[in-house]
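All ligand and atom numbering here is 1-based and tracks the order in the structure. Just so you know, these numbers use all the heavy atoms, side chains as well, and skip hydrogens, waters and symmetry mates.
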Amino acid sequence: MTSTSQALSRILAAIAASAMLATGCATGVAAVSAQSAVAAQPAAASSVDYTQAMKSFTADASGDQLAYAVNGELKDVAYKDTPVGRHGKLSIGKAAGFSAPTVLDEHGQPFQLRGASTHGVQWFPQYINRDAFQSLRDEWGINMVRLALYPREGGYLQGSQAKMDAKIEEAVTAANELGMYVILDWHVLNYNPNEDAAKAEEFFTKYAAKYKNLKNVLYEIDNEPTSTSWYDGSGNDLYTYSKRLTKAIRATGNQSIVICGTNTWSQDVDAVAANPLSADGLTNVAYTLHFYAGTHYDNIKNKLRTALSAGTPVFVTEFGITDASGWGGIDIANANDWMTLLTRNNISYAAWSLCNKGEGASYLKESTSKTSKWTGSELSTSGIWLVNTSRRIQAMIDGASQSSGTDTDGSTTEPTTDPTPDPTPDPTPSEPSEPTNPIAPTEPTTPSEPQTTTTGLTAEAAVSSNWGMGANVNVTVNNPSDATYTGGWKVEFDLDGTITNLWCGKIVSHTGNHYVVSDASWNASIAPKHGTSFGFGMTKAPTSSALPANLTVNGVAADASQGASDGVSDGASDGASQESGAAESSKDSTDPKAPDTPKASDDQKASDDQKTDSSDSQSTDTKPADPKPAASDLTVEAKVNSNWMLGATVQVEVGNTTDTAHEGGWTVEFDLDGDITNLWNGTIASHKGNHYVITNASWNGTIWAKQNVTLGFTMSKSLFADAQPTNVIVR
Ligand code: IDC
């Protein structure tokens, strides 16, 4: 491949990845339920694709409705296919596209840890069990668990050592067997860690020596210090403590990642750059930033940006979507904005906390007594948001690894080095803390349907964006019948162009202009009155139509299906509205994902500032790039992202197609056959009858030239209502 065509295919892959995000693998919840989250763990993808995918990520998770099924099902996964099996020993190092050193996997590729933090182990030890970890791995998109080991508050140094030692052993053994990463967090809270430095050194020396041959253990030496700065030359500062502890860990021969707390409850990550431990020859060290979305906005985000631009590796070992008390004050929109910033910079995270304590940050409802194998209805807003966020990032990464181009069959690449399982040397049998749970999944959105069918599918194709030389296309396969469709499906079509990247399906064959695409195995079954979608990015001649022709599903012409599946799936209603050539060509001029337009403006904005989130066009930065105000040249498009029987998630894109920034806010109006239950990246200005008026959120009233802003909402609706907003306008 020439370098030009490589560059082009990189851009296309990125666009396709972002298109996949925009559309998701639109499918009914029931259709997703068969998907093992762990099967979607990233392969050793090329750094280019991973980086591009991360930089294109915009979080829009909801805390109201699960976008993925959580049924309490554990999956049998071979060790080589687990996160640790794939990514091996981690380090901190430089990667193309990221200004600061970042977490790299054993293959040298950037890798994001998506973690669940326990609550204080002295208080909630029951959630440290193998099945709990496996639930997080298999259904929550989580690949790491952080153990909050309080030294004080009745913790390790105050009476709970034996109990906590046993739980550490249980956790590390379970994580190791499950191929998950685990952080030992010395949960200093509200004091100078130098006060207990000798005890901390003893603790970390013991565990660093014990686990030095394990690939999956990371060491967080102080959670949230206060009362001393990072460096003041006194010998009683955080630099002194961090150097001492890191040296103690290295002295055991353990080279794993060490994470150092920063002052002001781990907010002052911007203070590290003047005196990093790397100056002392210490490597594989990252520094902590914590945030709580209901309390921490631009001031703390800017600390992160400053740290990254100064080359400081940052690790978010704890955050919450609540305010800093952990109690209430959930701010989903800000949490999503934070998650966009983190993911675009490949920053690993762990969410507070895995328990059912009656505070907003807990993932589980207070009424939930189970300690593993949770079902959707047992999760709190925080838990739902975490699943929606982590699963979606995971799906994106999976898309990025597929776009590396080697696997048209959708299988993932095995690690090339040291794929041998690395079992714990002396696994202690864990007490049978969690009896097998015989309760059938109670996910309310997943119908248990006794009947099955293997016939009667319909299909529709829709061009979701078209920029002349390329396009993104969605194909929805619908099951209009009253029985669950089983047995897999096969879609065939002719295409006046070449597929460069396909997600949520597998290319079975490609001969001339004829493509055969099958299910991706996890979406082989389709629930009654549901649909599942796959999508692809393609290259083509500017004059060619991107719309697939002669579409068949399981050998039957799809034409007959048009309109037959109204209200069944979102892809279905999208498809109907966008299928016409007119809809397709009207998008040509407005599509903000056209490869050259955002690129050019990004590059300008990013030239000196790539270390921050240069592609973070929807971030909270509000400084106008262009003082010229534009008139109301905005476009708006609403689409249903996922649709289950009694609810749906809808995404609305407001675009600015002009060459000048649109300032002064925007307003979107539409009619909706249902009620919005949660809205992000916008504000409900009024709701009368079925008519909604939505205005911008405080941070996205400005839309840059040739950029767009995405808002979203979840809604409740009646069984047969169409989730698609109608009479959509923008002003
Ligand atoms: C909180 C817990 C709460 C507990 C308190 C004191 O949610 O139940 O009573 O600690 O131990 C942090 C800390 C984390 C806090 C959390 C929420 O790292 O320990 O947990 N938080 O206040 N930093 C910012 C917020």
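The closest side-chain heavy-atom distance from Phe111 to Asn143 is below 4.5 Å. Between Met339 and Trp385 the shortest side-chain heavy-atom distance falls below 4.5 Å.
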Does the salt bridge (charged side-chain N to carboxylate O under 4.0 Å, His left out) test come out yes or no for Lys301 and Asp337, once each step is laid out? CA-CA 10 Å; Lys301 285 177 199 155; Asp337 197 57; 2.8 Å; yes
Take Phe319 and Trp338 through the test ring pair (Phe, Tyr, Trp, His ring centres under 6.0 Å) and record every step on the way to the result. CA-CA 10 Å; Phe319 75 97; Trp338 268 104; 8.7 Å; no
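Short contacts between ligand 1 and Gly326, defined as distances under 4.0 Å to a heavy atom of the residue, involve ligand atoms 17 (C), 22 (O). Each of the following atoms of ligand 1 lies closer than 4.0 Å to a heavy atom of Trp123: 11 (O). Per-residue contacts place Asn223 under 4.0 angstrom from the following atoms of ligand 1 (heavy atoms of the residue considered): 18 (O). Set against the non-hydrogen atoms of Ser325, the atoms of ligand 1 under 4.0 Å away are 17 (C), 22 (O). Below 4.0 Å from some heavy atom of His187 lie the following atoms of ligand 1, by number and element: 13 (C), 14 (C), 18 (O), 19 (O).
Using the six-membered ring where Trp is involved, Trp186 and Phe204 have ring planes that are perpendicular, over 60° apart on the 30 and 60° scheme. Aromatic ring orientation, Tyr292 versus His296: perpendicular (interplanar angle above 60°, classes split at 30° and 60°).
For the ligand labelled ligand 1, residue Gly120 lies outside the 4.0 Å heavy-atom shell. By the 4.0 Å heavy-atom criterion, Tyr292 is counted among the residues contacting ligand 1. Residue contact check for ligand 1: Trp327 places no non-hydrogen atom closer than 4.0 Å to it. Assignment of Ala361 to the shell around ligand 1 is not supported, since no heavy atom sits closer than 4.0 Å. Contact analysis puts Glu224 in contact with ligand 1, with a non-hydrogen atom separation below 4.0 angstrom.
Dense packing is recorded around NZ of Lys89, with more than 12 heavy atoms of other residues, nucleotides or ligands lying under 6.0 Å away. Residue Trp123 places its CH2 atom among more than 12 non-hydrogen atoms of other residues, nucleotides or ligands, all under 6.0 Å distant.
The closest protein non-hydrogen atom to atom 6 (C) of ligand 1 is Glu153 OE1, 3.4 Å. For atom 20 (O) of ligand 1, the nearest non-hydrogen atom of the protein is Trp352 CZ2, 3.1 Å. With respect to atom 13 (C) of ligand 1, the closest heavy atom belonging to the protein is Glu318 OE2, 3.2 Å. Atom 8 (O) of ligand 1 has Lys357 NZ, 2.6 Å as its closest protein atom, hydrogens excluded (heavy atom only). From the protein, the heavy atom lying nearest to atom 2 (C) of ligand 1 is His119 NE2, 3.3 Å. Among all non-hydrogen protein atoms, the one lying nearest atom 10 (O) of ligand 1 is Tyr150 OH, 3.2 Å. The protein atom (non-hydrogen) at minimum distance from atom 7 (O) of ligand 1 is Glu359 OE2, 2.6 Å.
In this structure, the ring of Trp374 has its center no less than 6.0 angstrom from the ring center of Tyr363.
Taking the charged nitrogens against the carboxylate oxygens, Asp165 and Lys210 have no contact shorter than 4.0 Å, which rules out a salt bridge. Residues Arg152 and Asp196 are paired through a salt bridge, judged by an N-O separation under 4.0 Å between the basic side chain and the carboxylate.
Ligand 1 has an N or O atom lying under 3.5 Å from an N or O atom of Ala324, backbone or side chain.
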